[in-house]
*Asks:* 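Attaching a single structure in structure tokens format; questions to follow.
Below, read A as the first sequence line, B as the second, and so on, with proteins coming before strands; counting in each chain starts at 1.
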Number of protein chains: 2
Amino acid sequence: MTLPLREKRRQETALLIQRATLELAKENGLDAVTTDAIAAASGVSTRTFFNYYANKEAAAIGHPPEFTKEQMEALRAGTGPLVADLKQFLDSHMEALSEREDIVRLVGSVLRSNDKARGILEGLLAAERLVLTEALCARLNNRQTAASLANNATSAIGAAIFLWQKDGEIALSAALDIVWEGVIDASRLLSFKQDGEAQS
Amino acid sequence: MTLPLREKRRQETALLIQRATLELAKENGLDAVTTDAIAAASGVSTRTFFNYYANKEAAAIGHPPEFTKEQMEALRAGTGPLVADLKQFLDSHMEALSEREDIVRLVGSVLRSNDKARGILEGLLAAERLVLTEALCARLNNRQTAASLANNATSAIGAAIFLWQKDGEIALSAALDIVWEGVIDASRLLSFKQDGEAQS
DNA sequence: GTAATCCTTGCGCAGTCTGCAAAGTTTGCA
DNA sequence: TGCAAACTTTGCAGACTGCGCAAGGATTAC
């Protein structure tokens with residue numbers, strides 16, 4: 001962890017700008033906030049703001065935690081049954097998100113009212129989903145299956161956040177448990193042997 | 001089907017503008033296209049363009065086919081096992097998409113390079129997913145399970161389109177079959193009874 | 001045929017985002 | 001420590017986006 005000063009400053013400023021953006025968006029939504037206002041609140045020039053983020057929506061999203069090397073490795077190595085490993089993987093990612101609960105909550109409200117922000121996050125998630133698909137592929141040797149698993153997993157994270165926001169009482173990890181149970185139930189229904197149908 | 005003239009014209013113009021937008025975007029991507037250019041190519045004023053679509057990204061997406069009342073009803077009534085009904089539902093929706101293959105292909109390429117367009121489509125899809133969730137809820141009495149099923153279903157449509165675009169040989173319906181098989185396989189893995197784990 | 005309703009359009013304004021070049025910081029190396 | 005190379009910040013100018021407004025044109029219902 002011996003980052004050069006430059007790098008460190010950059011990360012700090014990026015986070016500072018994100019917080020300023022979200023703070024301003026709380027009032028009347030992100031659309032009502034100008035880039036000039038964000039720059040001013042962050043203590044940088046407007047031009048510099050655009051050196052950090054391509055637009056205000058990207059600033060609101062910031063840099064969400066990615067799947068770490070350790071998490072991916074644990075999943076690929078695979079000690080237990082796949083379901084358990086996957087759940088563990090999601091739990092550990094959820095924990096990373098919990099450390100920025102305030103930001104997660106604010107980002108969530110921006111997403112509800114801003115198409116562009118949604119698209120940006122969706123792009124980031126798609127990349128993560130691809131990474132996860134690759135890792136699962138190594139364990140399964142079937143791309144479509146791996147892709148579907150990755151989809152269920154990443155969607156579960158989003159659904160858990162949604163549930164957590166709506167409820168307001170339960171913890172993020174508890175929300176994930178509830179959502180995951182639904183995923184498993186749905187899987188039972190989908191994999192149920194059909195009455196008179198042929199089954200490969 | 002006795003639409004007033006106004007309504008009909010409106011739909012035609014909306015489609016015309018969408019086609020013009022996609023046509024112009026083929027060259028250098030949507031970002032390189034100005035709203036003035038789209039308006040000129042569509043034979044309307046720039047101001048009128050904005051009466052049809054909120055922005056050029058929305059114009060590129062247009063108005064994708066929604067789940068029809070008949071499709072939803074068939075799913076809710078539910079004659080066979082759920083998996084079969086769901087597959088049938090997806091097949092019929094895929095058929096609707098096949099009738100606009102040219103547009104689907106162009107929209108796909110816009111989505112790859114434009115965050116805002118992705119967000120807009122994602123918003124439309126989320127609404128559809130919600131409709132589907134409601135319908136499944138009526139049959140299942142469990143919201144989380146219904147949501148997971150709806151997620152798997154709508155994601156499958158997207159994945160099928162992706163596969164169809166990448167491959168270039170297979171038909172949309174065939175692509176859906178391949179994707180769906182992956183979904184079922186993944187479900188088997190997820191619902192697999194775990195070794196020593198407790199099972200509710 | 002006529003009144004009510006809805007659509008289109010030009011104009012103007014506030015805001016977004018980029019290229020460029022000058023000025024300021026940080027880094028590595030001697 | 002001190003200096004050159006590499007990188008950052010910033011102001012400015014300029015093209016593009018998106019919307020409110022109000023006048024004029026088309027369509028509808030009766």
*Asks:* What's the CD-C1' distance between B:Gln11 and C:dC6, to the nearest Å?
*Replies:*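 It is 16 Å, rounded to the nearest whole Å.
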*Asks:* Starting from P on C:dG15, measure out to CG on A:Leu24 and report it in whole angstrom.
*Replies:*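 So the CG-P distance, A:Leu24 to C:dG15, works out to 14 Å.
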*Asks:* What's the separation between atom CG in B:Asp185 and atom CG in B:Leu190, rounded to the nearest 0.5 Å?
*Replies:*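 Going from CG on B:Asp185 over to CG on B:Leu190, the span is 11.0 Å.
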*Asks:* Please confirm whether the shortest side-chain N or O distance from B:Lys116 to OP1 or OP2 of C:dT16 is below 4.0 Å.
*Replies:*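 The answer is no; no side-chain N or O of B:Lys116 sits under 4.0 Å from OP1 or OP2.
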*Asks:* Take the protein atom OH of B:Tyr53 and the nucleotide atom P of C:dC7, then report the distance between them rounded to whole Å.
*Replies:*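 In whole Å, C:dC7 P lies 15 Å from B:Tyr53 OH.
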*Asks:* Is the shortest distance from a Lys or Arg side-chain nitrogen in A:Lys87 or A:Glu181 to a carboxylate oxygen in the other one below 4.0 Å?
*Replies:*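 The answer is no: the pair does not qualify as a salt bridge.
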*Asks:* What nucleic acid atoms does B:Thr48 come within less than 4.0 Å of, heavy atoms only: base, sugar-phosphate, or nothing?
*Replies:*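 It contacts base atoms.
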*Asks:* How would you label the contact of B:Tyr52 with the nucleic acid (heavy atoms, under 4.0 Å): base, sugar-phosphate, or nothing?
*Replies:*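 Sugar-phosphate, backbone atoms only, no base.
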*Asks:* Is the B:His63-B:Tyr53 ring centre distance short of 6.0 angstrom?
*Replies:*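 Yes; B:Tyr53 has its ring centre under 6.0 Å from that of B:His63.
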*Asks:* Counting only side-chain heavy atoms from C-beta out, which of C:dC17, D:dG18, D:dT17 sits nearest to B:Thr34?
*Replies:*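 Of all the options, the side chain of B:Thr34 is nearest to D:dT17.
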*Asks:* Quickly work out the A:Phe50 CZ to D:dC12 C1' distance and round it to whole Å.
*Replies:*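 Whole-Å distance recorded here is 15 Å.
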*Asks:* Between D:dA26 atom P and B:Arg10 atom CZ, what is the distance in whole Å?
*Replies:*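 Going from B:Arg10 (CZ) to D:dA26 (P), I get 17 Å.
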*Asks:* Could you tell me how far apart A:Lys8 (NZ) and D:dT8 (P) are, to the nearest whole angstrom?
*Replies:*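 Taking atom P of D:dT8 as the reference, NZ of A:Lys8 is at 17 Å.
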*Asks:* For D:dT27, take OP1 and OP2 only and decide whether either is under 4.0 Å from a side-chain N or O of B:Arg9.
*Replies:*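 Checking D:dT27 against B:Arg9, a side-chain N or O does come within under 4.0 Å of OP1 or OP2.
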*Asks:* Please state how far atom CG in A:Asn51 lies from atom C1' in D:dG11, giving the value in whole angstrom units.
*Replies:*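 The answer, rounded to whole Å, is 13 Å.
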*Asks:* Between the main-chain N or O of A:Lys8 and the side-chain N or O of A:Gln11, is there a donor-acceptor pair closer than 3.5 Å?
*Replies:*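 No; judged by distance alone, with no hydrogens or angles, the pair does not exist.
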*Asks:* Please give, in whole Å, the distance from C:dC7 C1' to B:Leu16 CG?
*Replies:*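 Interatomic distance, CG of B:Leu16 to C1' of C:dC7: 16 Å.
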*Asks:* Ignoring the backbone of A:Arg47, work out which of C:dG19, C:dT8, C:dC11 is nearest its side chain.
*Replies:*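 Out of C:dG19, C:dT8, C:dC11, the nucleotide with an atom closest to A:Arg47's side chain is C:dG19.
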*Asks:* So which nucleotide from C:dT16, C:dG10, D:dT9 ends up closest to the side chain of B:Ser45?
*Replies:*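 Of C:dT16, C:dG10, D:dT9, C:dG10 is nearest to the side chain of B:Ser45.
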*Asks:* Using modelled atom types and a 3.5 Å cut-off, is there a donor and acceptor pairing between side-chain atoms of A:Ser155 and backbone atoms of A:Asn151?
*Replies:*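 Yes; judged by distance alone, with no hydrogens or angles, the pair exists.
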